[in-house]
Amino acid sequence: MLISYAQDAGNFSHDRETLAREHLAHELKSFDSVAGSGRARLSFANVPLAGASAFAAEAADVTLRLWAMLKPLLRVNKSLALYELVEKRLIPVLTAMELHGVMVDRADLRAMSAEFEGRMAEIETDIHRLAGQDFNVGSPKQLGEILFERMGLPGGKRGKAGAWGTDSSVLEGLAEQGIEVAQRVMDWRQLAKLKSTYADALIGQADENGRVHTSFQMAVAATGRLSSTDPNLQNIPVRTVEGARIRKTFIAAPGCSLISADYSQIELRLLAHVADIAALKESFAKGEDIHARTASEVFGVPMAGMDAATRRRAKAINFGIIYGISAFGLGRQLGIGAGEAKAYIDAYFKRYPEIRAYMEATKEEARSKGYVLTPFGRRCWVPRIKDKMPQLRAYAERQAINAPLQGGAADIIKQAMVKLPKAMADAGLSATLILQVHDELLFEAPDGQARATAELAREVMQGAAGISVPLTVETGIGKNWGDAH
DNA sequence: ACTATCACG
DNA sequence: ACGTACGTGATAGTA
């Protein structure tokens, strides 16, 4: 995000300019490492400045020098159009989002922090009693020694450094055997995570108006996704009851609503498009429940009266396909053996035969060129595709298969983001884009414009890019982010 | 500075 | 024989 700061630096307050300087330093460091590796990324623009501060002039100078170096590379790489039409136009959109920020309910966060602290203290007492001694529950090393040495529990596995593994899958396994302390540690960890990473951090990062301002990085993810830092607002909790409470502390300004609009199964739609999978395309064209249809195809059960467990297995297979499936990974996800998982995968390939050709062609593309392309021409580098170690090579192959899908989805939502400000203005709407979370956009708008904003967002997002499968967008309106779903 | 863990799509 | 599902970032503990 160097450029956005360079572009607007003349209007910045002192604090904001200091922040911008830090960003500049950060970007230059990234540039050095990228340049050193002989690879170019799309992260710089030629933004002329007028009447700007000394910092802006400095940033502009750096920018112009970088641009002189990078533009020829973009041209040679056939990436200039993507850069000019998408990346460059996205810069002011992200700038506006960062500056606008999103409001949090600080009183609510403070109350939650205190509540979590109290509950953690109680849980800690329980854990110490069950363990038979006091120790630092937050220390994985001490916890592993307590569980697998002092208490002698089964199922312990040591990692590379000889430390016992104590992550959630391990604790879950113990909890299922009725080991009470394991469940209590999971409870404690959840609260610790929510308190430190979210409640306390957000309180500290809110400005005087109670708004938090993230920084969106355009040149970090290998697939072309954005990333979000300081604070990361792309990983705000939502999946658990307590996590959803954190998400509800993200609120609309007085008199405003939050509008959420998210693409439905966008990566699976990209798969249908890119791999040209007839049955999958047909299914999306009909607007079917895609996981139910997969279940029907793979397990041979009728769509009508599909049971939840079968659909769940099919959903895991669909995710697996997007991730560059392995029998091991699918088996672990479903809690079945790799052999059974392999049978599922074989059945999938039989019903959707085009997928095999896509996977083979994509791996070959990566091997021959060192990168793969999204449908919009973005390059995703796959450096270890020819590694002599089979394990690293297999990892690179999964990356190659996933990148056009994840990256293609990123291309599409970026195109929507570029079109939205003008579309909103033309419609007489004052809605502001405030967050992007990979397949979701979050807007803030006056209450009276919420419905119109949702409808326009849907229209622009669904029409952002023409692929051979329809895109669908779900919208919601609420006074907080949780209720906007 | 590195590792383990866990939050999200 | 091996052992990872793809992409990220923040925190606390450890060395």
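Below, chain A is the first sequence line, B the second, and so on; all start at residue 1.
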Sub-4.5 Å side-chain heavy-atom contact between [X] and [Y]:
{"X": "A:C380", "Y": "A:T374", "value": "yes"}
{"X": "A:E365", "Y": "A:L373", "value": "yes"}
{"X": "A:Y352", "Y": "A:I321", "value": "no"}
{"X": "A:Y348", "Y": "A:E297", "value": "no"}

[atom1] of [X] versus [atom2] of [N]: gap in Å, rounded?
{"X": "A:L271", "N": "C:dG7", "atom1": "CG", "atom2": "P", "value": "16 Å"}
{"X": "A:R384", "N": "C:dT4", "atom1": "CZ", "atom2": "P", "value": "13 Å"}
{"X": "A:Q265", "N": "B:dG9", "atom1": "CD", "atom2": "P", "value": "14 Å"}
{"X": "A:D387", "N": "C:dG3", "atom1": "CG", "atom2": "P", "value": "15 Å"}
{"X": "A:M359", "N": "C:dC6", "atom1": "CE", "atom2": "P", "value": "12 Å"}
{"X": "A:F216", "N": "B:dC8", "atom1": "CZ", "atom2": "C1'", "value": "13 Å"}
{"X": "A:F116", "N": "B:dC6", "atom1": "CZ", "atom2": "C1'", "value": "15 Å"}
{"X": "A:R393", "N": "C:dA1", "atom1": "CZ", "atom2": "C1'", "value": "14 Å"}

Using a cut-off of 4.0 Å on non-hydrogen atoms, how would the nucleic acid contact of [X] be classed: base, sugar-phosphate, or nothing?
{"X": "A:R247", "value": "sugar-phosphate"}
{"X": "A:R189", "value": "sugar-phosphate"}
{"X": "A:Q333", "value": "base"}
{"X": "A:L330", "value": "base"}

When you compare [N] with [M], how far apart are their [atom1] atoms, in angstrom units rounded to a whole number?
{"N": "B:dT5", "M": "C:dT4", "atom1": "P", "result": "14 Å"}
{"N": "C:dG3", "M": "B:dC8", "atom1": "P", "result": "29 Å"}
{"N": "B:dA7", "M": "C:dC2", "atom1": "P", "result": "32 Å"}

* Asked: Can you find an N or O donor on one side and an acceptor on the other, under 3.5 Å apart, linking the side chain of A:R332 with the base of C:dG3?
  ->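 Under the 3.5 Å cut-off, the side chain and the base do not form any donor-acceptor pair.
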Note to self: Determine whether a donor-acceptor pair (one donor, one acceptor, N or O, separation below 3.5 Å) exists between the side chain of A:R398 and the base of C:dG7.
What the structure shows: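 It does not, because no donor-acceptor pair links the side chain of A:R398 to the base of C:dG7 below 3.5 Å.
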Side-chain donor-acceptor pair under 3.5 Å between [X] and [Y], yes or no?
{"X": "A:Q415", "Y": "A:D411", "value": "no"}
{"X": "A:Q217", "Y": "A:S215", "value": "yes"}
{"X": "A:D108", "Y": "A:T249", "value": "no"}
{"X": "A:Q391", "Y": "A:Y395", "value": "no"}

Between C:dA5, B:dT5, C:dG7, spot the one nearest the side chain of A:I325, thanks.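 Taking heavy atoms from C-beta onward, the closest nucleotide is C:dA5.
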message: Measuring from the side chain of A:P237 (C-beta onward, heavy atoms only), which nucleotide among B:dA7, C:dG7, B:dT5 has the closest atom?
response: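 Looking only at side-chain atoms, A:P237 lies closest to B:dA7.
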Near-parallel close stack of A:F328 and C:dA5 base (under 5.5 Å, under 30°):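 It does not: the two rings, one from A:F328 and one from C:dA5, miss the stacking criterion.
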Which heavy atom in [X] sits nearest to a heavy atom in [Y], and how many Å separate them?
{"X": "A:M461", "Y": "A:Y263", "result": "O-OH, 2.6 Å"}
{"X": "A:K414", "Y": "A:L226", "result": "CE-CD2, 3.9 Å"}
{"X": "A:D167", "Y": "A:R189", "result": "CA-NH1, 4.0 Å"}

| In residues 312-321 of chain A, which ones come under 4.0 Å of DNA chain C, going by heavy atoms? |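 Those residues are A:A316, A:G320.
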### Mutual orientation of the aromatic rings belonging to A:F319 and A:H291 [parallel < 30°, tilted 30-60°, perpendicular > 60°]
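Rings of A:F319 and A:H291: parallel, under 30°.
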Hey, is the main chain of A:S264 close enough, under 3.5 Å, to the side chain of A:R269 for a donor-acceptor pair?
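Checking the backbone N and O of A:S264 against the side chain of A:R269, a donor-acceptor pair under 3.5 Å is found.
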In 5'-to-3' order, the base (B), backbone-only (S) or no-contact (-) status of each nucleotide in nucleotides 8-15 of chain C, using a 4.0 angstrom heavy-atom cut-off, is SSBSSSSS
OP1 or OP2 of C:dG7 under 4.0 Å from side-chain N/O of A:Y395
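Result: yes.
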Writing each nucleotide of DNA chain C 5' to 3' as (, ), [, ], | or . by Watson-Crick or G-U pairing under 3.5 Å yields .....|||||||||.
